[in-house]
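These notes concern the structure reproduced below.
To find a chain, count down the sequence lines: A is the first, B the second, and so on, and within it residues start at 1. Every value quoted in this text rests on a predicted model; they were computed, and no experiment measured them.
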Amino acid sequence: MFALLDGNNFYVSCERVFRPSLQGVPVVVLSNNDGCAIARSNEAKALGVRMGHPWFQIRHLEASDGLVALSANFALYGDMSDRMMSLAAGLGPTQEVYSIDECFIGLDGVRGDLTARAHAVRSRILNWLGLPCCIGLGATKTLAKLANHIAKTAERKPGSYPAELAQVCDLTRLSEDAHDALLATTDVGEVWGVGPRIGAQLREAGVRTALDLARLDTATLRGGWSVTLERTARELQGLSCIDLDHAPQPRQQIACTRSFGQPVTTLAPLIEAVSEFTSRAAVRLRAQDSAAGAVLVFVRTSPFRKSPQYSRSVVVPLAHPTQNTARLVGAALHGLRSIYQSGYALAKAGVMLVQLQACLPRDAQAGTTVGSVATSVRQGEFDFESLGSTRDAGHLMKALDEVNARWGRGTLKIASAQAQMPRHDEVATQWTGKQERRTPGYTTCWSEMPVVRA
DNA sequence: TCTGGGGTCCTAGGACCC
DNA sequence: TCTGGGGTCCTAGGACCC
C-alpha cells in the first residue's frame, strides 16, 4: 500500500510563504528566461492559464485581472522541498522522492488509522512550513496517484468528487462499488502513464475512463499498445507492478541546456555559455560520483521564428571517462567549434554528459596505457586526458566544488573559455536568460533573508 | 518582440554476424 | 524474374513524467 503526497501548485505556494499578500491572488511562476508559466495558483488556472502557456500570450492578464508573474527561484523551491520531504517521511517507513514537489511513501506495516495519519502529516506541513499539500492512498502507486488527483480536484472544484475526499483520499477504505464508481468518473487521461497521445488512442477505441482502462484485457493492451500500458492497467486493478524506488540509481545522463535571453549570432558568447553549462553539469556528475564517457553539444535556432533554421548536435567521445571540468569543457568546446556556423540567430544551446559510469578507483584512473592511446588515435578520438595530470585534477575538482558550495556558484570558474576573448559585459548578457521578476533567496542566501521587525 | 528544462523507458529498424 | 533465416546490438525517435 502506498501514499502519494504532492504539494499544491508547489512553486506558487513556496512564494506565498514569504509574501502572504499573494494569497487569493492569481499568480504564475515563469520558466527560465521568463518564457512560460510552469506553476499556477488556482486563481490563475481559473483565468484559463495553461501549464506551459507562453508568458507573452497571457501577460495582458496582468493589467486586466491582476495576474502576478514571478521568475522561477529554484534555490528557494529546492530548499522548501527538502523541508517538506522531511515531514512527509513521517507518514511511513519508506519514501521515494519522486520529484521536487511529490513523494511516494510505502505504508506496509503501518498500524492504525492511515487516513487520520495522513491528515495529521498534511496539517503539520501546512502549519510548520505554510505549504498546502494533498495525499492519496491506494493499493498501488498508480492508484495512489489517482487518489491524489481526486483529493486535489475535490478540493479545487467542489462537486466534482465527494467532499470528504478533498485533501486526503484513501481509496483503500472504499467498497469495491464505490472504488469503481470513482474510477468511472475519472477521465482516462488523468491516469499516471497515459499522456495526450495514448489518451487520444484509447478514447478512439472507446476507452474513456480509468475504469475502462482497468478492465481492458491483456491481448488488447499488448496488441494495440505496449507492456507499459498493460502494467498501468494492472496497477489500476490493484495489482502492484511498480515498486517503491527508495534508493534511486545514479543518473544515466546529465544535461544543462538554456534558451538565450537574446539571439546569439557569434561564437564568443557560445563559448562562454557552453563552458558554463558544462561546468554546471560536471558539478552534478561529481556529486553522484560518476565519470562521463562522452559529451554531447547542441545549438539551435528558435523553431517558433520564421528566420532560417539551424540545428546541429555532436557527440564528442573522451579517450577516458572523466569527471574533470577542464577536460569536459575542452571536449564540449571542440564539439561546439565543429558544429558552429555563422549567419544564424541561435536561440538555445546545451550540453549533455552521456555514457556515464561509476568512477574508477584513483589508481586505475591515473593509468594511461600505450595501447589505449593508440586506439583513441586510430578511432579519431580527441585525447583530452593529456590536458593535465589526472592525480592532481581530482583534488582540484574537490576544492572547486567545496569553494563554490561555501561561497556561491561561480566564485571559482574555469578560465579556459574566457582566456580566449576579451571580457565584455554585453557578451554575458546576450546569452544569459531573462529573470526580471526574481524573488529573494529567502532561505538560501544570508543577505536576502527576510527581516522581521517587532 | 516574446514560446522551459531535465529526465526515463520502450520500440522499430538498421547494421552486423554466422 | 528469381535473392534465407535467425540472432544480437545499437541508435533514433516517440511517449511519458514533473
Quiz item: What is the distance, rounded to the nearest whole Å, between atom CG of A:Leu229 and atom P of B:dC10?
Solution: 13 Å
Practice problem: Would you tell me if any nitrogen or oxygen in the side chain of A:Lys145 comes within less than 4.0 Å of OP1 or OP2 on C:dC17? | Solution: no
Exercise. Report the nucleotide, chosen from B:dC10, C:dC16, B:dT1, that has the shortest atom-to-atom distance to any side-chain atom of A:Ile198.
Key: C:dC16
Quiz item: For A:Arg437, does the CZ atom sit with more than 12 other heavy atoms under 6.0 Å from it, leaving out its own atoms?
Solution: yes
Quiz item: What nucleic acid atoms does A:Asp101 come within less than 4.0 Å of, heavy atoms only: base, sugar-phosphate, or nothing?
Solution: sugar-phosphate
Quiz item: With a non-hydrogen cut-off below 4.0 angstrom, is A:Gln253 in contact with a base, only sugar-phosphate, or nothing?
Solution: base
Quiz item: Over how many whole Å does the gap from A:Tyr98 atom OH to C:dC18 atom C1' extend?
Solution: 7 Å
Quiz item: Base, sugar-phosphate alone, or nothing: which one does A:Lys434 contact when heavy atoms must sit under 4.0 Å apart?
Solution: nothing
Quiz item: Can you tell me if the side-chain N/O atoms of A:Ser99 get under 4.0 Å from OP1 or OP2 in C:dC17?
Solution: no
Practice problem: Rounded to the nearest angstrom, tell me the gap between atom CG in A:Asn33 and atom C1' in B:dT1. | Solution: 13 Å
Exercise. Would you indicate what A:Arg258 reaches in the nucleic acid, counting non-hydrogen atoms under 4.0 angstrom: base, sugar-phosphate, or nothing?
Key: sugar-phosphate
Exercise. Measure from the side-chain heavy atoms of A:Ala255 and tell me the nearest of B:dG4, B:dG5, B:dG7.
Key: B:dG7
Quiz item: Between A:Gln435 (CD) and B:dG5 (P), how many Å, whole number?
Solution: 11 Å
Quiz item: Rounded to whole angstroms, how far apart are CZ on A:Arg280 and P on B:dG6?
Solution: 9 Å
Quiz prompt | Closest to side chain of A:Gln252, choosing from B:dC9, B:dG6, B:dC10 | solution = B:dC9
Quiz item: Which is true for A:Leu30 with a 4.0 Å heavy-atom rule: it touches a base, it touches only sugar-phosphate, or it touches nothing?
Solution: nothing
Quiz item: Side chain of A:Ser226: nearest nucleotide among C:dA15, B:dC10, C:dC18?
Solution: B:dC10
Quiz item: For B:dG13, which nucleotide is its Watson-Crick or G-U wobble mate, given both distances must be under 3.5 Å?
Solution: C:dC10
Quiz prompt | Atom-to-atom span, CG of A:Leu346 to C1' of B:dT3 - whole angstrom | solution = 17 Å
Quiz item: Between A:Asn32 and A:Ile254, which is nearer to the 5' end of DNA chain B once each is assigned its nearest nucleotide?
Solution: A:Asn32
Quiz item: Under 4.0 angstrom, heavy atoms only, what part of the nucleic acid is A:Val191 near: base, sugar-phosphate, or nothing?
Solution: sugar-phosphate
Quiz item: Looking at the side chain of A:Trp192, which of C:dC17, B:dC2, B:dC10 is the nearest nucleotide?
Solution: C:dC17
Exercise. Kindly indicate whether the side chain of A:Leu333, heavy atoms from C-beta on, has any atom under 4.5 Å from the side chain of A:Ser275.
Key: yes
Quiz item: Across the strands shown, which category fits A:Arg231 at heavy-atom distances under 4.0 angstrom: base, sugar-phosphate, nothing?
Solution: sugar-phosphate
Quiz item: Are A:Lys141 and A:Asp243 close enough, and set up right, to give a salt bridge (charged side-chain N to carboxylate O under 4.0 Å, His left out), and what steps lead you there?
Solution: CA-CA 8 Å; A:Lys141 285 170 89 171; A:Asp243 291 334; over 6 Å; no
Self-check item: Atom pair distance, as rounded to whole Å: CH2 in A:Trp225 and C1' in B:dA12
Solution: 19 Å
Practice problem: Check for a donor-acceptor pair, side chain of A:Asn73 on one end and backbone N or O of A:Thr439 on the other, with a separation under 3.5 Å. | Solution: yes
Exercise. Tell me which nucleotide among B:dG7, B:dC10, B:dG4 gets nearest to the side chain of A:Thr228.
Key: B:dC10
Self-check item: Sugar-phosphate only, base, or nothing, as touched by A:Pro196 at under 4.0 Å among non-hydrogen atoms
Solution: sugar-phosphate
Exercise. Under 4.0 Å between any heavy atoms, over every strand shown, what does A:Arg50 touch: base, sugar-phosphate, or nothing? Just pick one.
Key: nothing
Practice problem: Taking atom types as modelled, find out whether A:Glu230 and A:Trp225 have a side-chain donor-acceptor pair closer than 3.5 angstrom. | Solution: no
Practice problem: Figure out the CZ/P separation between A:Arg222 and B:dA12, and round it to whole Å. | Solution: 14 Å
Exercise. Go through the steps for A:Leu182 and A:Leu171 under the test side chain to side chain contact (heavy atoms under 4.5 Å, CB included), then give the verdict.
Key: CA-CA 9 Å; A:Leu182 275 180; A:Leu171 289 178; 3.6 Å; yes
Quiz prompt | Derivation of the side chain to side chain contact (heavy atoms under 4.5 Å, CB included) call for A:Ser31 and A:Asn33 | solution = CA-CA 6 Å; A:Ser31 64; A:Asn33 214 19; 5.8 Å; no
Quiz item: Given that A:Arg251 and A:Pro54 both sit by DNA chain B, which one's nearest nucleotide is further toward the 5' end?
Solution: A:Pro54
Practice problem: State whether A:Thr257 places a side-chain N or O below 4.0 Å from either non-bridging phosphate oxygen (OP1 or OP2) of B:dG4. | Solution: no
